Amino acid sequence: MEARALTHRYGHRPVLDQLSFAFQGPGVVAVRGPNGSGKSTLIRVLAGLLRTSGGETTLHVDGRATPSRNRQRWIGYAGPDLSFYPEFTALENLTFAAEARGLARPAERSRERLEKVGLAARGGERVHALSSGMAQRLRLAFALLDDPPLLLLDEPGNHLDDEGRQALATLIREEGTRRLVMIATNDEREGALAGQRVELGTRGLGDPA
Amino acid sequence: MSGNLVVMAVALLVWGLLFWYLIRLERRVADLEKR
Amino acid sequence: MPASGSSSGRAVWAILRKECRSEWRTRYGLNAALLFAVTSLASTSFAVGRMSDRPDVLAALLWVVLLFAALASLAHTFVRETEGHTMVLMRLVASPTAIAMGKLIFNLLFLVSIELVTLPLFLAFMGAPPPRWGALLAILALANVALAAAATLVAAVIAQTRGRGALFAGVSFPVLLPVLAAAVSGTRAQWSGAPVGAELRLLAAYAVALLAASLLLYDHLWEDA
Amino acid sequence: MIGRALLLLWIAAWIVAAFVWAPLVPVLGETTRVLYFHIPAAWVTVLALGWSMIHSLLYLKRRNLEHDHQAAAAAEIGLMFCVVATVSGALWAKAMWGAYWNWDPRETSIFFLLLIYAAYLALRSAIDQPERRARLAAVYSAIAFVSVPFLIFVVPRIYFSLHPDPIINPRGKVDMDPRIRVVFFALLLGFTGLYFWVQSLRVRVARVEHRMEERRGSGNVG
């Protein structure tokens, strides 16, 4: 994952400023910085959800640069803004996502991912009945749906209980050996897992007008 | 014919007012740009 | 990673099925639209009475009822996504065009299901003369495609505004007007025995123009988180 | 400043000419006077809509907010000229046929443009972030761009036309006394000059507003 002179403004507030980096998978990268320093913005830009004001990002898979237009094919994203359809169950949501992406064995694959994040028993429950901790695990299951080369997690530890954080830590370590994992977090334990780091500037929200 | 002249006079007046208003507006915009 | 051609076809199919299942589960949109269509139909027929000898008035009333039922409900598929913040999920699993096509086809089926109920009732309530079914169904089909294409595109835009659904009627009206005009004129022609070729060509041309424009525009619609 | 003075004198002179020098169109009689102002206003309405749509498409391609300023300014000014054209059209219809509104092709076309302007500006007012507002307004403009030809050339033909086409056909050739044609085109030119002047003013205002918001930055964005 390579970024060149990434700049982005929210309305008029500069959030990312000429940021450049290049990370080689597999491995875990922590994106750190104070609130409002653009951690979530960066993750969303890399996921292709947000078009930047300047600069560009390129994802190389097996040595070949992939078109940034359909970036969503190559990444798994999990962030606080990812919500599921409340009228469907957890399993139905994941199965729909797998079908829409044209993946093989959508239902089976979804069940496997639910087991991986410890939601096997809750597959049949409607999403609006899930606790925020379980919803967060569902996001992780969604991100892992098609074993993407790049995993982008925005504050994955949110709402998780201790047992959940433990499972998350092992999951990140495991995935870190197979693909490039980038995590936006201020949590020390998650940060410690990362071999490399992106420090976002302190200018962020605190910067006086 | 006199009816026409009245309407014409009104039209000229309206055009004059509009023009004067635009000139003043332009001056205000010019000094706004300086600040 | 599957090639883009077949996979976007699968994505459209998956999204269409999801829309139908969501609609079946919540049934909110269909009930509202049917209620709306039937009440506006009942009120017009109550006010106007039987109109068997005036095909032009009948044609206009039929399409006003259908148009307003459409205006009341076609924005729902996108408004539901932005209100439920599920647009991020959608954008992560399918391309903008696939999302739009899935919803467009759903809106088309939605319109047809409203018309299946409203049209027979309209013909009965208003005492309309028996229609030339061939011509009428052709007009309905093409008008539905054009309506769905226009409404889906405009809905995708207004779903991201502050008022969300509120703006849909006013903003979409100028874009829907050509469909309304051609449909009314065609329906009147089929009742009065005149040829409907011109209106059909117009509806087809407008639908194609809108679909072509949508293919270029949908990529610009969802770019900020 | 010379340009402004020239514009002042040019339009003033041709107003006088329209009332004093130009002859009347045979059938229309005194009502011709209104047309000298109604049709240029309608022309500017179409010109402004075209300008707004072109800049909207340019914004989609280049993502430069300058295009958005131009498109928004053109829509606001276009709406004003459209109201003038609609009202003067209705007055003329009242004088000619005794009814303010009778859905003849010219009136319906101008009215449809009014609907598009109103919808475009309503849409803009419902979005806060500048980039998103520019992008969504541009997309709507592109949609309207597709429907305008159908609205102008097709829909009116469907409704029975009352307009005396042979005598004054603003889009076609104007085939009567040359003096009428001279006054008509002169005012058309004058209105166009006026339009571009007001357009430039409105765009400069938009630029200043944008810069002021930017300078206020994140500090106390209200």
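Below, read A as the first sequence line, B as the second, and so on, with proteins coming before strands; counting in each chain starts at 1. Here the structure is a predicted model, which means the values were calculated and not measured.
For chain B, no part of D:R207 is nearby; none of its heavy atoms comes within less than 4.5 Å. Contacts of B:A30 with chain D are made by both backbone and side-chain atoms, with heavy-atom separations under 4.5 Å. Contact annotation for B:L18: only side-chain heavy atoms (C-beta onward) come within less than 4.5 Å of a heavy atom of chain D.
The residue among B:V29, B:L32, B:L22, B:L25 with the most heavy atom pairs within less than 4.5 Å of chain D is B:L22. Between chain B and the options D:V16, D:L8, D:L201, D:L7, heavy-atom pairs under 4.5 Å are most frequent for D:L8.
Taking each heavy atom of B:A11 and D:I15 in turn, the nearest pair found is CB-CG2, 3.9 Å. Of all the heavy atoms in B:F19 and D:A5, the pair that sits closest is CZ-N, 4.5 Å.
In this structure, B:E26 pairs ionically with D:R4, as a charged nitrogen and a carboxylate oxygen lie closer than 4.0 Å.
For B:W15 and D:F37, the distance between ring centers is not under 6.0 angstrom.
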